[in-house]
Amino acid sequence: MDDLTVVVLAAGEGKRMRSRQPKVLHELCGRPLIAYPLRIARTLADTIIVVAPPDQEALRAAAGDGVTVVEQRERLGTGHAVLQARDACGAGAILVLPGDVPLLSVETIDRLVKHHAARGAAATILTAVVDRPQGYGRVLRQGGRVIRIVEDRDATDDEKKVAEINTSVYCFDARRLWTALAEVRPNNDQGEYYLTDAIGLIARAGGRIEAVAVEDPVDALGVNDRKQLATLAAVQRARILERHMLGGVTILDPATTYIDDTVTIGTDTVIHPNVIIDVASEIGGDCVIGAGCQIRATRIADRVRLLPYCVLTESVVDDDAQLGPFCHLRPKSHVGAKAKVGNFVELKKSRLGRGSKAPHLAYIGDATVGDGVNIGAGVIFVNYDGVAKYETRVGDRAFVGSNSSVVAPITIGDDAFVAAGSVITKDVPSGALAVERSPQVMKEGWVARRRARQTSPTQKKKED
Ligand code: UD1
Ligand code: CA
């Protein structure tokens, strides 16, 4: 679209959120609210301006590259907010998007912009006809034409009955907008400079006001408090699940499945109930994600099976691996292809090579484990001495017997064998057997002697 500027309004106090952070940084399905209008802005315009509260580094960071952030030092209303963007705006059409109306689609906004251009309008408003217009600005018409917008708190009882609301999305002819905003006065219930008043002023000056209605009024819902945030998140969540299902993912119970907006999933993957997948996780195709799994910022390749209740964070799982039930991958873990991580196994900052197995009850921390390794039940990689963390290396095809402790820093060579129950404190060369156990003591007939002592009163107190 030629010469279009998008202004995203994000400087409001968000009082109704009762929060220390700006409203537009609250997350909806894994993205801050501000990310939703910005996604639309990026597809439609080259010049993008965000009007932000002063000194909000986090908001600047969330806005990202290629966006001009202007500050609104005093929050004097939506009209005042748009004025702060004036110097950064181009001369063509200006599209205003609210920072707190996240469910709008690119298609709808594109339709608005095109309608505005085709009609040569001075301003075009995106409206919605809703069942419960309370709290929203009402679109007032005369003989079918839009003449002004009245805010809910300033509306008369008759005006309050109007079901057509202002979504806070508008397309303006730049010259008309700046002229009108210069005339806006804060004579309303809140004492603010309302952008909505610019519509009435443009109409009165003879400008043509067009209105385009959203197809689904749900798209126009805004977030002013945390109740609305939860309501909208539920709508967005259902849409995300629908997108994945239509894209070839089986979701057994959409009612209990939470997938962030940032997640990708390959076809023929099956997701069982009570699963949470978030923070830009990538799941491959033909995977099974068992009940109760929580997957965060993790990349899972194809044909991976997660048995129930696995917790995976900032990790990578290669093709055909099998995990769980009840395993924990802490950040920077990497499970190789065809590897197996079984129940009650925890990995942290560790790599488990191709085809390696840690089937039961183990802690693998700060370790690089080669291919085809067997880690027995109850093995602990002792990586911490109370002060610092140390690394363990285990070579290919090594065998670490059950209930061994491997005290880092340490290296176990290729094909080495650690006997069960050993506490390993010295490097084990390739191909060697390491046994660290006290010799087993055997006392033949001891049990019978003990029983005899226990039944004879004179011997009772004597120890063997
Ligand atoms: C606004 C509209 C209302 C519309 C509704 C749709 C006005 C006066 N009212 O009401 O007609 O039905 O949106 O959701 O415009 N903001 C600033 N600076 C300010 C004030 C607000 O940047 O000084 C930003 C907010 O961060 C928000 C947006 O503008 O993203 C809308 O402000 P908000 O206070 O939420 O307006 P509403 O009462 O929802
Ligand atoms: Ca709002």
Side-chain angles (χ1 to χ4, degrees), residues 6-17 19 21-26 28 32-38 41 49-54 56 59 62-63 69-85 96-104 123 125-130 132-140 146 148-155 159-160 162-170 172 177 180-181 184-201 211 213-214 217-229 231-232:
V6 179
V7 178
V8 180
L9 300 184
E13 270 179 278
K15 284 190 207 117
R16 291 164 279 183
M17 293 298 280
S19 175
Q21 67 170 341
K23 173 165 71 180
V24 296
L25 290 184
H26 282 262
L28 184 95
L33 287 173
I34 186 80
Y36 290 86
L38 283 175
I49 302 158
V50 172
V51 185
Q56 280 298 336
L59 207 159
V69 177
V70 299
E71 291 184 353
Q72 184 189 20
R73 301 217 149 262
E74 288 174 286
R75 289 153 197 199
L76 300 180
T78 46
H80 180 259
V82 172
L83 270 177
Q84 310 313 302
V96 175
L97 296 177
D100 61 351
V101 182
L103 301 183
L104 294 163
I125 314 170
L126 185 70
T127 69
V129 177
V130 298
R132 289 192 295 159
Q134 292 83 0
Y136 292 95
R138 310 295 205 287
V139 177
L140 304 183
V146 176
R148 65 189 176 94
I149 296 169
V150 64
E151 287 307 288
D152 184 67
R153 54 207 308 164
D154 302 310
E159 288 167 344
K160 281 195 170 132
V162 173
E164 188 181 15
I165 62 144
N166 166 33
T167 63
S168 234
V169 176
Y170 325 75
F172 289 101
L177 174 65
L181 280 180
V184 169
R185 293 292 169 263
N187 42 17
N188 49 56
D189 186 54
Q190 295 200 98
E192 288 186 358
Y193 294 84
Y194 285 167
L195 177 58
T196 45
D197 286 351
I199 296 295
L201 288 162
V214 292
V218 165
D219 290 7
L221 295 176
V223 175
N224 292 321
D225 57 37
R226 296 192 202 224
K227 231 175 110 216
Q228 288 168 326
L229 183 65
T231 305
L232 267 62

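Counting starts at 1 for both ligands and their atoms, following the listed order. Bear in mind that the values here come from a model prediction, so they are computed numbers and not experimental data. All heavy atoms count here, side chains included; hydrogens, waters and symmetry mates do not.
Among protein heavy atoms, atom 12 (O) of ligand 1 sits closest to Asn166 O, 2.6 Å. Protein heavy atom in closest approach to atom 17 (C) of ligand 1: Gly12 N, 3.2 Å.
The residue among Pro133, Ala81, Gly77 with a heavy atom at the shortest distance from atom 20 (C) of ligand 1 is Gly77. Of all the listed residues (Leu9, Val8, Leu97, Leu126), Leu9 holds the heavy atom that lies closest to atom 24 (C) of ligand 1.
Interatomic distance, Leu33 CG to Leu229 CG, rounded to the nearest 0.5 Å: 6.0 Å.
Using a 4.0 Å cut-off between a side-chain N of Lys or Arg and a carboxylate O of Asp or Glu, Asp189 and Arg153 qualify as a salt bridge. Comment: Asp152 engages Arg138 in a salt bridge, judged by a side-chain N to carboxylate O separation of less than 4.0 angstrom. The pair Arg185-Glu192 does not meet the salt-bridge criterion, since no charged nitrogen lies less than 4.0 angstrom from a carboxylate oxygen.
Taking only nitrogen or oxygen atoms, main chain and side chain alike, Val24 does not reach within less than 3.5 Å of ligand 1. For ligand 1, one of its N or O atoms has an N or O atom of Thr78 under 3.5 Å away. By the 3.5 Å distance cut-off applied to N or O atoms, Gly99 is counted among the residues near ligand 1. The shortest N/O to N/O separation between Tyr136 and ligand 1 does not fall below 3.5 Å. Inclusion of Asp100 in the set of residues having an N or O under 3.5 Å from an N or O of ligand 1 is warranted.
For the pair Ile165 and ligand 1, no heavy-atom separation below 4.0 Å is found. Distances shorter than 4.0 angstrom occur between a heavy atom of Glu151 and an atom of ligand 1. For the pair Glu192 and ligand 1, no heavy-atom separation below 4.0 Å is found.
Nearest heavy-atom pair, Gln72 versus Val51, reported as atom, atom and distance to 0.1 Å: CB-CG1, 3.8 Å.
Contacts with ligand 1 closer than 4.0 Å are made by side-chain heavy atoms of Arg16 only, the backbone lying farther away. Under 4.0 Å from ligand 1, the heavy atoms of Gln72 that appear belong solely to its side chain.
Taking every heavy atom of Arg75 and a limit of under 4.0 angstrom, the matching atoms of ligand 1 come to 23 (O). Atom numbering of ligand 1 starts at 1 in the shown order; those under 4.0 Å from a heavy atom of Lys23 are 35 (O). Every atom of ligand 1 is numbered from 1 in the order shown, and the set under 4.0 Å from a heavy atom of Leu76 is 23 (O). Each of the atoms 3 (C), 4 (C), 11 (O), 12 (O) of ligand 1 lies under 4.0 Å from some heavy atom of Gly137. Short contacts between ligand 1 and Thr167, defined as distances under 4.0 Å to a heavy atom of the residue, involve ligand atoms 6 (C).
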Just do the side chain to side chain donor-acceptor pair (under 3.5 Å) check on Asn224 and Lys15 with the steps written out, would you? CA-CA 8 Å; Asn224 292 321; Lys15 284 190 207 117; over 6 Å; no
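A side chain to side chain contact (heavy atoms under 4.5 Å, CB included) with Asn166 holds for exactly one of Ile199, Val150, Thr196; it is Thr196. Checking Val101, Leu97, Thr167 one by one against Leu126, the side chain to side chain contact (heavy atoms under 4.5 Å, CB included) holds for a single residue, Thr167.
Atom CD of Gln134 is surrounded by more than 12 heavy atoms from other residues, nucleotides or ligands within 6.0 Å.
Taking backbone and side chain together, Asn224 holds an N, O or S atom under 3.0 Å from the Ca ion (ligand 2).
Closest N/O/S atom of Asp100 to the Ca ion (ligand 2): OD2.
Using a 4.0 Å threshold on non-hydrogen atoms, atom 39 (O) of ligand 1 counts as touching the protein.
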